[in-house]
J.: 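The structure is given below, and queries will be raised subsequently.
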Amino acid sequence: MASKQSPSHVFLVCYPGQGHINPTLRLAKKLAAEGLLVTLCTAAHFGQTLQKAGSILGGDQCTPVGNGFIRFQFFEDGIVEINPKDMNLDRFVAQLELSGRPSLVDLIKKQTAENRPVSCMILNPFFPWTYDVAEELQIPFAVLWVQSCAVFSIYCHYFHKSVPFPTEIDPTIDVQLPILPLLKNDEIPSFLHPKKTYGVLGKAMLSQFGKLSPAFCVLIDTFEELEKEIINYMSKIIPLKPIGPLFLNSQKLEIEVSVDCLKAEDCMDWLNSKPPQSVVYVSFGSVVFLKQEQIDEIAYGLCNSGFSFLWVLKPPSEFFGKQRQTLPEEVVEKIGERGKIVQWSSQERVLSHESIGCFVTHCGWNSSVEAIANGVPVVAFPQWGDQVTNAKFLVEEYGVGVSLSRGVEVNELVTRDEIERCLSDVMTGGSGENVFRQNALKWKKAAAAAVADGGSSTRNFQDFVDKIRQI
Ligand SMILES: O=c1ccn([C@@H]2O[C@H](COP(=O)(O)OP(=O)(O)O[C@H]3O[C@H](CO)[C@@H](O)[C@H](O)[C@H]3O)[C@@H](O)[C@H]2O)c(=O)[nH]1
């Protein structure tokens with residue numbers, strides 16, 4: 001058991017992506033506030049991007065949080081040495097392991113040499129080799145699953161081949177899993193679809209399920225009330241602990257550490273000038289890039305809808321050769337003050353602003369939870385991965401909006417008229433009460449209760465911290 005002089009040292013290893021580092025930092029802050037020493041470790045190229053854009057510190061500098069500390073460390077990844085022209089997802093994932101694995105082992109051994117041995121590791125999806133590192137160094141580990149419990153259950157059943165999934169011979173069959181609603185073939189995470197557009201990520205994800213059994217806990221950024229039945233069911237198979245929405249809790253801690261890949265532009269004055277629930281917020285997360293033709297349709301749909309809108313159009317990806325996206329000039333001239341375009345926003349703050357009336361989202365899990373927990377209805381525009389499954393749940397199970405897309409595999413252009421019609425439905429609720437907003441507000445209340453004192457997520461988190469202290 002750790003002594004009072006040497007607080008437990010929790011070492012979180014995070015896949016280099018915004019959708020992973022956000023929940024991981026939120027968890028890191030909560031753990032540090034419990035008086036623990038917390039190291040958040042990610043890949044060097046990604047760490048440097050975060051340092052350039054935000055307020056994180058590298059090396060051995062610690063940020064105090066309550067009685068504990070957070071520090072950032074980066075493992076070597078060899079990514080910047082690859083010519084961006086030769087970069088693709090396969091190369092990226094392979095290089096990360098090649099350089100990352102020995103470097104991560106060295107970093108962890110260094111902690112012992114420097115008199116702060118690692119008590120436990122917390123690992124992320126898409127990173128199966130980090131599980132091998134924990135096993136090799138005989139360090140107990142937990143997992144922070146950054147997607148929904150429903151999606152966790154789908155991957156788990158696929159890995160264990162416990163029910164039939166679409167195959168190349170039979171690509172269109174529906175999937176019936178215990179507890180979950182019937183899923184059409186394009187409603188399972190697209191990495192599992194036989195077309196295998198993103199094979200390498202699917203493979204990484206699945207290989208993780210073969211390495212899960214030694215994990216002493218799987219933390220999930222969800223809350224019991226949202227996914228009650230599937231959480232109960234899966235908890236009998238794997239030691240799951242829903243501890244979300246993590247962003248609600250970490251907001252309360254008010255610690256000046258952020259992990260944005262880009263500097264967020266200030267939108268608060270602009271939002272303050274708008275009436276309550278009058279603004280459409282549009283953002284497709286950190287990795288989805290729609291084709292320009294689709295951007296044009298959304299732009300016209302928004303323009304014709306008459307609503308004000310705040311739209312995040314991020315700059316092209318550094319590695320994967322995406323094009324800069326722009327709005328048609330005609331739209332820019334027409335919208336004037338009614339529309340605001342930014343390269344990156346402080347999304348948590350935007351979604352909690354009273355002027356926001358709905359969120360056009362790609363349905364990444366972080367964005368989905370942030371919308372639900374802020375009581376904001378959605379127009380779902382999923383593309384791939386878990387987004388297609390999240391969209392189904394947001395619309396059909398949680399009742400917080402409508403969907404405009406069935407994902408990139410379908411590849412249909414969604415027209416400006418459809419977009420205008422859906423925006424109107426979700427912003428105004430059609431002819432009667434706005435059921436989408438009512439449902440969203442119901443989830444907002446449930447999410448706040450889960451993270452309040454004595455709430456389900458708070459209790460689960462405390463149990464987890466107690467476990468760490470006993471290691
Ligand atoms: O202008 C912006 C846009 C986004 N965000 C934040 O960035 C995160 C984005 O995460 P998410 O909504 O999950 O989207 P992605 O970045 O696309 O996340 C990837 O990773 C997630 C977790 O694995 C998956 O659920 C997604 O499908 C996958 O695309 C969220 O916390 C947002 O608040 C900002 O702060 N400002």
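Both ligands and their constituent atoms are indexed starting at 1 by order of listing.
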J.: Give the residue and atom name of whichever protein heavy atom lies nearest to atom 31 (O) of ligand 1, and the separation in Å to one decimal.
T.: E370 OE2, 2.7 Å
J.: Side chain, backbone, both or neither: which applies to Q347 and ligand 1 if a contact is any heavy-atom pair less than 4.0 Å apart?
T.: both
J.: Salt bridge check: are D132 and R101 linked by an N-O gap of less than 4.0 Å?
T.: yes
J.: Please work out which of the three classes, parallel, tilted or perpendicular, describes the rings of Y398 and F393, given edges at 30° and 60°.
T.: tilted
J.: To the nearest 0.1 Å, how far is atom 24 (C) of ligand 1 from its closest protein heavy atom, and which atom is that?
T.: D386 OD1, 3.4 Å
J.: Determine which pairs satisfy salt bridge (charged side-chain N to carboxylate O under 4.0 Å, His left out) with at least one residue from residues 389-399, sequence neighbours left out, and list them in order.
T.: E187-K392, K392-E396
J.: Closest non-hydrogen protein atom to atom 29 (O) of ligand 1, residue and atom name please, with distance?
T.: Q387 NE2, 3.0 Å
J.: What protein heavy atom lies closest to atom 34 (C) of ligand 1? Include the residue and the distance to one decimal.
T.: W344 CZ2, 3.3 Å
J.: Without hydrogens or angle criteria, can the side chains of Q277 and S355 be said to hold a donor-acceptor pair below 3.5 Å?
T.: no
J.: Check side-chain contact (heavy atoms from CB on, under 4.5 Å) between N460 and all other residues, then give those that pass, not counting sequence neighbours.
T.: E224, K241, P242, I243
J.: Under 30°, 30 to 60°, or over 60°: which ring-plane class applies to W145 and F209, parallel, tilted or perpendicular?
T.: perpendicular
J.: Are any of the N/O atoms on H362, whether in the backbone or the side chain, positioned under 3.5 angstrom from an N/O atom of ligand 1?
T.: yes
J.: Considering only heavy atoms, does S283 approach ligand 1 within less than 4.0 Å through its side chain, its backbone, both, or neither?
T.: side chain
J.: Starting from atom 13 (O) of ligand 1, which protein heavy atom do you reach first, and at what distance in Å?
T.: N366 ND2, 2.8 Å
J.: Below the 3.5 angstrom mark, is there an N/O of Q18, backbone or side chain, next to an N/O of ligand 1?
T.: no
J.: Below a 4.0 angstrom heavy-atom separation, can you tell me which part of Q147, side chain or backbone, both or neither, approaches ligand 1?
T.: side chain
J.: Once you restrict to heavy atoms under 4.0 Å, what part of W384 touches ligand 1? Side chain, backbone, both or neither.
T.: side chain
J.: Once you measure the plane-to-plane angle for H157 and Y233, does it fall in the parallel (<30°), tilted (30-60°) or perpendicular (>60°) bin?
T.: parallel
J.: Is it the side chain (CB and beyond), the backbone, both or neither of E265 that lies under 4.0 Å from ligand 1, heavy atoms counted?
T.: neither
J.: Any salt bridge between E370 and R26, counting N to O under 4.0 Å?
T.: yes
J.: Do W344 and S286 have side chains that approach each other closer than 4.5 Å (heavy atoms only, starting at C-beta)?
T.: yes
J.: When you measure from atom 6 (C) of ligand 1 to every protein heavy atom, which one gives the shortest distance, and what is it?
T.: N22 ND2, 3.6 Å
J.: Distance to 0.1 Å, residue and atom name: give those for the protein heavy atom nearest to atom 18 (O) of ligand 1.
T.: G19 CA, 3.7 Å
J.: Among protein heavy atoms, which sits nearest to atom 35 (O) of ligand 1, and what does the distance come to when rounded to 0.1 Å?
T.: S345 O, 3.3 Å
